[in-house]
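Here the structure comes first, spelled out in structure tokens, and everything after it is commentary.
The figures that follow rest on heavy atoms only: side chains count, while hydrogens, waters and symmetry mates do not. It should be emphasised that the depicted structure is a prediction, and the values quoted were computed from it without experimental measurement.
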Amino acid sequence: MGKDTIADIITSIRNADMDRKGTIRISSTNITENIIKILLREGFIENARKHQENNKYFLVLTLRHKRNRKRPYGTLFKLNLKRISRPGLRIYSNYQRIPRILGGMGIVILSTSRGIMTDREARLEKIGGEVLCYIW
């Protein structure tokens, strides 16, 4: 785990999805909890619960997988997550220029003045912010 917690959780989820692991454990912070709430609401994660161990809090995530997949892991069903804004280069966007991923099929997670939200919510509220990641 490095200093970029958002990149760490994105990498953990991507690696667990590629290995077809059922559950993963990530450290719990306010940012990670808000991002996981969005992933739960959008249906990318099946379940999330908070777990305490030695005075540290962790989130235990249950990933959603395509059932009865018989062929090798392909790019058709893969969960794609991409970190956009990073500590060395922050990317900001106003609400009119928030990118649409796959014509609206994917989501963009933004950090705004009203909290972390998806691109659809930011367009409805007409606020922009820092583009954290793309998920499709």
Side-chain angles (χ1 to χ4, degrees):
M1 294 283 219
K3 295 191 185 272
D4 189 7
T5 58
I6 298 170
D8 289 340
I9 65 165
I10 287 173
T11 303
S12 298
I13 293 171
R14 185 185 315 117
N15 290 342
D17 187 56
M18 287 194 316
D19 287 344
R20 292 186 48 98
K21 292 191 178 187
T23 61
I24 60 169
R25 190 176 83 163
I26 59 173
S27 62
S28 176
T29 63
N30 288 336
I31 295 172
T32 58
E33 286 181 18
N34 290 330
I35 291 174
I36 296 304
K37 284 178 189 175
I38 290 173
L39 292 176
L40 272 169
R41 190 176 44 208
E42 296 291 328
F44 291 107
I45 293 176
E46 197 169 308
N47 190 12
R49 60 184 164 82
K50 203 169 192 177
H51 178 71
Q52 182 180 6
E53 186 176 302
N54 297 334
N55 294 331
K56 291 187 179 180
Y57 287 97
F58 296 97
L59 291 171
V60 179
L61 308 177
T62 305
L63 300 179
R64 185 177 302 267
H65 289 292
K66 185 83 172 174
R67 307 273 191 250
N68 300 327
R69 188 183 326 157
K70 295 182 179 160
R71 64 186 184 109
Y73 195 81
T75 59
L76 185 61
F77 301 112
K78 187 167 65 171
L79 176 65
N80 291 306
L81 297 108
K82 184 176 181 184
R83 175 81 158 121
I84 303 302
S85 185
R86 52 191 174 88
L89 179 65
R90 303 287 185 187
I91 306 294
Y92 296 96
S93 177
N94 62 8
Y95 78 95
Q96 297 158 334
R97 295 189 183 199
I98 297 172
R100 293 188 189 273
I101 306 302
L102 293 178
M105 297 288 288
I107 63 170
V108 177
I109 296 181
L110 297 149
S111 176
T112 66
S113 60
R114 295 187 190 156
I116 295 178
M117 60 179 62
T118 64
D119 56 338
R120 282 177 247 134
E121 295 168 345
R123 282 189 198 99
L124 285 175
E125 294 189 22
K126 295 188 177 182
I127 56 173
E130 181 183 353
V131 180
L132 295 178
C133 61
Y134 298 158
I135 301 171
W136 70 96

Within this structure, what is the [atom1]-[atom2] distance for the pair [X] and [Y], rounded to the nearest 0.5 Å?
X: I31; Y: I6; atom1: CD1; atom2: CD1; value: 5.0 Å
X: L132; Y: T112; atom1: CG; atom2: OG1; value: 9.5 Å
X: I45; Y: I38; atom1: CD1; atom2: CD1; value: 11.0 Å
X: T62; Y: R49; atom1: OG1; atom2: CZ; value: 6.5 Å
X: I135; Y: I13; atom1: CD1; atom2: CD1; value: 7.5 Å
X: L110; Y: I116; atom1: CG; atom2: CD1; value: 9.5 Å

For this session: Could you pull out all residues at least two apart from T32 that satisfy side chain to side chain donor-acceptor pair (under 3.5 Å)?
Result: T29
Following the transitive rule for hydrophobic clusters with a side-chain heavy-atom cut-off under 4.5 Å over Ile, Leu, Val, Met, Phe, Trp and Tyr, establish whether [X] and [Y] coincide in one cluster.
X: M105; Y: I107; answer: no
X: F44; Y: V108; answer: no
X: L40; Y: L59; answer: yes
X: Y95; Y: I84; answer: yes

Problem set entry | Heavy-atom pair of closest approach, residues G106 and L102 | N-CB, 4.3 Å
For this session: Heavy atoms only: give me the nearest E33-S28 pair and the separation to one decimal.
Result: OE2-OG, 2.7 Å
Exercise. Under 3.5 Å, side chain of R14 to main-chain N/O of L81, donor-acceptor pair present?
Worked result: yes
Exercise. Do side-chain atoms of D17 reach the backbone of L79 as a donor and acceptor pair under 3.5 angstrom?
Worked result: yes
Using residues 123-131 as the side-chain source, report each donor-acceptor pair under 3.5 Å to any protein atom, sequence neighbours left out, with the distance given to one decimal.
from: R123; atom 1: NH1; to: D119; atom 2: OD2; distance (Å): 3.4
from: R123; atom 1: NH2; to: I98; atom 2: O; distance (Å): 2.9
from: R123; atom 1: NH2; to: P99; atom 2: O; distance (Å): 3.3
from: E125; atom 1: OE1; to: R114; atom 2: NH1; distance (Å): 2.8
from: E130; atom 1: OE2; to: S85; atom 2: OG; distance (Å): 2.6
from: E130; atom 1: OE2; to: R90; atom 2: NH1; distance (Å): 3.0

Problem set entry | Candidates T5, I36, I35 - the one meeting side-chain contact (heavy atoms from CB on, under 4.5 Å) with I26 | I36
For this session: Inspect the surroundings of CZ in R100 and state if more than 12 heavy atoms from other residues, nucleotides or ligands are less than 6.0 Å away.
Result: no
Exercise. Is the closest side-chain heavy-atom distance between K21 and L63 below 4.5 Å?
Worked result: no
